[in-house]
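Each remark here refers to the structure printed beneath this line.
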Amino acid sequence: MINKKIEEAINSQINAEMFSAYLYKSMSAYFSDINLTGMAAWMNVQAQEEMTHALKFYDYIIERGGRVRLMAIEEPAFDWSSPIEVFKASYEHEQYITGRINDLADLAIKEKDHATGIMLQWFVTEQVEEEANVSEIVSKMEMIGDAKHGIYMLDKELGGRGAVSSEEE
Ligand code: OFO
């Protein structure tokens, strides 16, 4: 049986992951609106991945005999001043999520909940990847600057991101 503090913290993380999906869908809609369809597709895959994260936590609570509580999802940002601002915002968001995962891992240690600690290891590793992916895109965009050809090529490259595989679920 899962302890109440851990249950509450993971329920809050389900909300944070669902918000991440919502945020990335909003970013995808922004890119669709300015015809950067590759970036829109990349953000869509990112949103799907966030839903798999939320569901991993959801399933974990149930598996441990706890009670899932779904809470209201905050409204995400709607508009950004440029494509690079979107990826910078995404990078900041991922750093925030990493902080939350680390806090959860600290709580699992404090509560001596080893099973939760092991489950969270996957997320600790995943966050390294999440931050690295988006930080690489920010760096590329900084290199490209306002060069239209560069943006076109990067949009094409990002559009090639595959859908979420079963290993990521
Ligand atoms: Fe779920 O990793 Fe991003 O937010």
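Computed from a predicted model, the values in this text were never measured in an experiment. By convention here, the first residue in the shown sequence is residue 1. Whatever order the structure lists them in is the order used to number ligands and atoms, beginning at 1.
Residues Tyr152 and Val86 do not share a hydrophobic cluster, defined by chaining ILVMFWY side chains whose heavy atoms lie under 4.5 Å apart. Under a hydrophobic clustering in which Ile, Leu, Val, Met, Phe, Trp and Tyr are joined whenever their side-chain heavy atoms come within less than 4.5 Å, directly or via other members, Met153 and Val138 fall into different clusters.
At most 12 non-hydrogen atoms from other residues, nucleotides or ligands lie less than 6.0 angstrom from OH of Tyr58.
Counted by atom type alone, Gln127 and Gln95 present zero donor-acceptor pairs between their side chains at under 3.5 Å. Donor-acceptor pairing under 3.5 Å is lacking for the side chains of His53 and Ser20.
Inspection of the environment of atom 1 (Fe) of ligand 1 yields the following protein N, O or S atoms under 2.8 Å: Glu17 OE1, Glu50 OE1, His53 ND1.
Using a cutoff of 4.0 Å between basic side-chain nitrogens and carboxylate oxygens, Glu8 and Arg67 are not scored as salt-bridged.
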